[in-house]
Amino acid sequence: MIIKNENLSKIDPKIWEIILKEKQRQNNNIELIASENYTSLAVMEAQGTLLTNKYAEGYPGKRYYGGCKFIDLIEKIAINRLKKIFNAEAANVQPHSGSQANQAVFFSVLNPGDTIMGMSLQEGGHLTHGMMLNMSGKWFNSICYGLNKKEKIDYKKVEYLAKKNKPKLIIAGASAYSQYIDFERFYHIAKNINSYFMVDMAHYAGLIAAGEYPNPVPFADFITSTTHKSLRGPRGGFILMKKKYKKIINSAVFPGIQGGPLMHVIAAKAVAFKEVLKPDFKIYQKQVVKNAKILSKILDQRGIRIVSGGTKSHIILVDLRNKKITGKIAESILESANIICNKNSIPNDPEKPYFTSGIRLGSSAITTRGFSELEIIKVGNLCADILDYPFNQENIKNVKKEVKKITNKFPIYKN
Ligand code: DSN
């Protein structure tokens with residue numbers, strides 16, 4: 001039977017209605033999840049195209065399916081734009097996610113049982129950098145480094161652990177670390193013991209592209225990332241590498257860990273990369289960092305402890321111990337006032353990861369939305385109002401009203 005080419009609203013009104021509700025939710029809430037952002041209509045348009053119909057296992061010029069001449073053009077454009085953004089020697093745009101980008105690097109140079117070293121999840125690292133329940137912690141001998149007393153990466157300990165354990169791969173990168181990472185220092189530590197050096201820049205990629213955060217590209221053998229966080233693209237991943245690793249990385253992605261690439265997503269990545277290359281993107285990222293610093297300062301002034309004393313990125317990690325509520329409760333009460341964030345462990349957290357003593361905030365999405373100083377000051381104070389009196393229903397109601405005033409002024413997706 002020929003498919004009916006009618007609109008989604010007609011074919012599946014149930015799903016359509018839920019999507020509309022989600023649109024309303026995104027419009028009515030203040031989004032402070034540090035790993036989220038709002039992608040452009042152009043990016044979504046590319047992702048919603050008929051490119052989803054096409055199988056294209058392989059790489060441009062060397063596919064395992066016919067009919068790939070236009071697909072090849074798209075993938076080549078995505079690769080070239082990405083290389084230009086980061087001044088990278090080679091790029092692979094096929095990973096479906098950041099986690100798969102990491103897996104591909106592991107698959108390219110490691111064997112099960114090899115030793116890897118990454119930042120501990122409890123102190124700001126990422127699940128895929130060796131956490132014991134993740135494949136990276138189960139299949140490899142995982143050594144973790146963490147923070148010093150000032151809640152900054154303890155490079156002396158990194159060096160000590162590297163010399164002692166001789167990991168085959170050292171990973172730098174984090175998902176709840178607001179400070180600069182000294183990639184050059186990591187590079188020297190890795191080179192001294194002849195280990196591979198990988199940077200997972202998923203959180204910082206947009207800032208790095210705009211020159212607002214140190215660039216790992218000159219130092220790392222492999223750089224992995226997602227495309228949907230600070231980079232503001234579609235949900236997906238990529239890998240940058242030195243040219244000498246292009247072959248092993250490409251075959252680790254396909255046929256190593258993935259089959260057919262998602263060509264509609266790769267087209268959307270290409271569109272996002274074009275947006276990143278525009279001068280506007282630099283202005284946006286400058287404001288992202290500025291907004292995070294203002295938000296952090298307001299919270300600090302309201303007596304809320306910020307882990308590591310502030311931020312140099314889009315991330316703010318909040319310690320709630322003096323407020324006597326867990327991250328889980330704070331997340332849920334903020335949500336009832338239409339402020340969205342996520343609970344997050346803080347260094348030496350006495351609570352279990354499901355509860356935590358902290359929340360993580362981020363400025364990427366609110367900056368895309370158009371918030372600047374005035375709104376950020378307001379947002380900081382509203383968060384503090386909630387955290388000061390989390391169980392006062394009148395207070396929650398008042399904050400929610402104020403949130404509505406701000407969000408009404410800054411609609412995201414109009415039609
Ligand atoms: N889950 C992402 C984050 O929120 O940081 C990382 O993959």
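First listed ligand is number 1; within each ligand, the first listed atom is number 1. Please read these numbers as outputs of a predicted model, since none were measured by experiment.
- Between Phe238 and Phe86, the two ring planes are tilted [angle within 30° to 60°].
- Residues Ser357 and Asp349 have side chains that bring a donor and an acceptor to within less than 3.5 angstrom of each other.
- No side-chain N or O of Asn148 forms a donor-acceptor pair with one of Tyr155 less than 3.5 Å apart.
- Heavy-atom minimum distance, His228 versus Asn37: O-CB, 3.8 Å.
- The aromatic rings of Phe186 and Phe197 lie parallel to each other, with less than 30° between the two planes, well short of the 60° mark.
- Within 4.0 Å of ligand 1, the residues that place a heavy atom are Ser35, His126, Ser175, His203, Lys229, Arg360, listed by chain and number.
- For residues 17-56, the set of pairs meeting the ring-ring contact (aromatic ring centres under 6.0 Å, His included) definition, not counting sequence neighbours, comprises Tyr55-Tyr65.
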